[in-house]
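Side-chain atoms are counted along with the backbone in the values below, which use heavy atoms only and exclude waters and symmetry mates.
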Amino acid sequence: MKLSNIPQRYVIVFLTFLSTSVCYIERVGFSIAYTVAADAVGINQSSKGTILSTFFIGYACSQVPGGWAAQKIGGRKVLLMSFVLWSSTCFLVPLDPNRVGLLVFARLLVGVAQGFIFPSIHTVLAQWVPPHERSRLVSITTSGMYLGAALGMWLLPALVELRGPESVFLAEALAGVVWSLLWIRYATDPPRSEHPKAAAAGFGGALLPTNVNHHHKVTHIPWKKIMFSLPVWAIVVNNFTFHYALYVLMNWLPTYFELGLKVSLQGMDSSKMVPYLNMFVFSIVGGFIADYLITKRILSVTRTRKFLNTVGFLVASAALMALPQFRTSNGVILCSSVALGFLALGRAGFAVNHMDIAPRYAGIVMGVSNTAGTLAGIIGVDLTGKLLEASKLIYSDLSHPESWRVVFFIPGLLCIFSTVVFLLFSTGERIFD
């Protein structure tokens, strides 16, 4: 199959879109499969939270190394190695809740492997995507996360019911192998060119990794400037909040349906995938809105990022804090759809900002900010399990709405705080050469 008539940057964006979809099918799939397997043998909520959060420990450890490796070796190669590692782990390791040590090791390994993915993707996109297409093409790539989560919520409960929890691991491994073959076949690096306009705009072959044998000098990474930059910290804080809310909902929404509302996921129709489909749509819409505002010069890059980030996070905050008041599955789906949809819209603010301020070091800045996002997963998923165990002592079970109030209020308040930080300290200007 030839793709010569399609601009290569669009092929790259489509393949990275597929990569984020497959990764989030894996994450949602593990949550669904493990929840079923763990409940069958009586694992308590606190222990479940610990296992579910193990992935994020490995994920956090490899974010900055992932950005460094992508900068030095090349994002295309690092992305492929990541997929091969996590797919192999899913294929080889059995899902047995009683073999805690093996399960912890496997989830740590999958977390480490997947931690290289987003820094690598941002490095690849910084090389291929010109600034006037940056918001929409990056948003299309990241929207794959939500389509993957939606497909996982829709298809995998039925797969568990038909073939058992173990079948989810095999399906995920197969998806990873198929994507790897596509990447090997169709992905390339951009031509190593010093076109002055591309270099000045911060994209193209000028951003490819270099070595001492090449006529380019080796890139020096300004670690100190990155770590003490207020615009970088504005991205970091918002990435933490976004992922705290996302991972709490992704990992605990199945439990909220099963134990909070007494509704079986297997018995629900396709409506359970609506929150993630909403994220998919809002993410793409946010990217197109951002590029329109910037290219038509309605707003500057800085004001565009702040505007979309603020609207997204404040609406999401209200929806998150209202969620425990809804006592029907349709009401919860509506409220979580609004929360997740507007969080995705906010990504056209903070999540594209890496390439605004540091196109050459986009993978590294992404690694730093995504480390914070991963810590949010470790803290949020594990803390939620402990909060629910404490609520059971007070309310006897988890069907009482008060059992879940604090769970959803925490990300709601974080959204407000992050909005203020981004308004005060972010910029759309390039600050790293």
Side-chain angles (χ1 to χ4, degrees), residues 19-20 22-38 41 43-70 78-121 145 148-149 152 165-166 168-173 175-177 180 239-240 243-244 246-248 250-252 254 366-386:
S19 75
T20 59
V22 171
C23 286
Y24 269 68
I25 287 174
E26 190 283 327
R27 297 187 199 184
V28 170
F30 180 80
S31 176
I32 292 170
Y34 175 72
T35 296
V36 171
V41 296
I43 303 293
N44 65 39
Q45 302 306 313
S46 181
S47 297
K48 282 168 62 178
T50 300
I51 294 296
L52 289 170
S53 65
T54 299
F55 166 91
F56 301 107
I57 297 174
Y59 195 67
C61 291
S62 58
Q63 290 293 316
V64 175
W68 176 86
V78 173
L79 188 54
L80 177 61
M81 289 187 290
S82 170
F83 259 77
V84 170
L85 179 57
W86 77 253
S87 300
S88 301
T89 304
C90 286
F91 179 76
L92 294 171
V93 177
L95 176 58
D96 183 352
N98 292 315
R99 300 176 69 179
V100 175
L102 181 61
L103 203 56
V104 165
F105 173 76
R107 293 312 291 167
L108 280 173
L109 192 57
V110 171
V112 168
Q114 291 200 15
F116 283 80
I117 289 174
F118 283 95
S120 299
I121 285 175
M145 299 187 295
E166 185 70 33
V168 171
F169 275 27
L170 300 178
E172 292 166 353
V177 169
S180 297
N239 209 337
F240 180 94
H243 284 97
Y244 188 103
L246 176 63
Y247 289 145
V248 166
M250 183 179 293
N251 285 277
W252 288 103
M366 181 62 181
V368 172
S369 72
N370 229 27
T371 299
T374 308
L375 290 174
I378 299 170
I379 295 168
V381 174
D382 190 46
L383 176 62
T384 298
K386 290 177 168 55

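Here the CD1 atom belonging to I25 is positioned 13.5 Å from the CE atom belonging to M145, to the nearest 0.5 angstrom. L170 contributes atom CG, which lies 6.5 Å from atom CZ of F91 (distance to the nearest 0.5 angstrom). Rounded to the nearest 0.5 angstrom, L80 CG and I117 CD1 are separated by 11.0 Å. Rounding to the nearest 0.5 angstrom, the gap separating the SG atom in C23 from the CD1 atom in I121 is 7.0 Å. Interatomic distance, I379 CD1 to L375 CG, rounded to the nearest 0.5 Å: 5.5 Å. Distance CZ/F169 to OG1/T89: 10.0 Å, rounded to 0.5 Å.
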Inset, instruction - In sequence, state the C-alpha distance, the side-chain angles, and the governing distance for F55 and V381, and then conclude on side-chain contact (heavy atoms from CB on, under 4.5 Å). - result: CA-CA 10 Å; F55 166 91; V381 174; over 6 Å; no
Legend entry - Worked check of side-chain contact (heavy atoms from CB on, under 4.5 Å) between V22 and E26: CA-CA 6 Å; V22 171; E26 190 283 327; 5.9 Å; no
Inset, instruction - Starting from the C-alpha separation in whole Å, work towards a yes-or-no answer on ring-ring contact (aromatic ring centres under 6.0 Å, His included) for Y247 and F56. - result: CA-CA 10 Å; Y247 289 145; F56 301 107; 4.4 Å; yes
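S88 places a side-chain N or O within donor-acceptor distance of the main-chain N or O of V84, the cut-off being under 3.5 Å. Not one N or O on the side chain of Q63 forms a donor-acceptor pair closer than 3.5 Å with the backbone of V368. A distance-only check finds a donor-acceptor pair linking the side chain of S369 to the backbone of M366 [under 3.5 Å].
The heavy-atom pair separating G67 from P119 by the smallest distance is N-CB, 3.5 Å. Shown here for I378 and A60, the closest heavy-atom pair between the two residues is CD1-CB, 4.2 Å. Nearest heavy-atom pair across V36 and P165 is CG1-CG, 4.2 Å. Smallest separation of non-hydrogen atoms from G111 and S62: O-OG, 3.7 Å. Residue C90 comes nearest to V110 through the heavy atom pair SG-CG2, 4.5 Å, listed as atom of the first residue, atom of the second, then distance.
Side-chain contact between I32 and V168 is absent, with no heavy atoms from C-beta onward closer than 4.5 Å.
A donor-acceptor contact under 3.5 angstrom links the side chains of R27 and Y59, judged on distance only.
The ring-ring contact (aromatic ring centres under 6.0 Å, His included) pairs that include a residue from residues 95-121 number zero, where partners must be two or more places apart or lie in different chains.
Residues forming a ring pair (Phe, Tyr, Trp, His ring centres under 6.0 Å) with W86 (at least two apart in sequence, or on another chain): F83.
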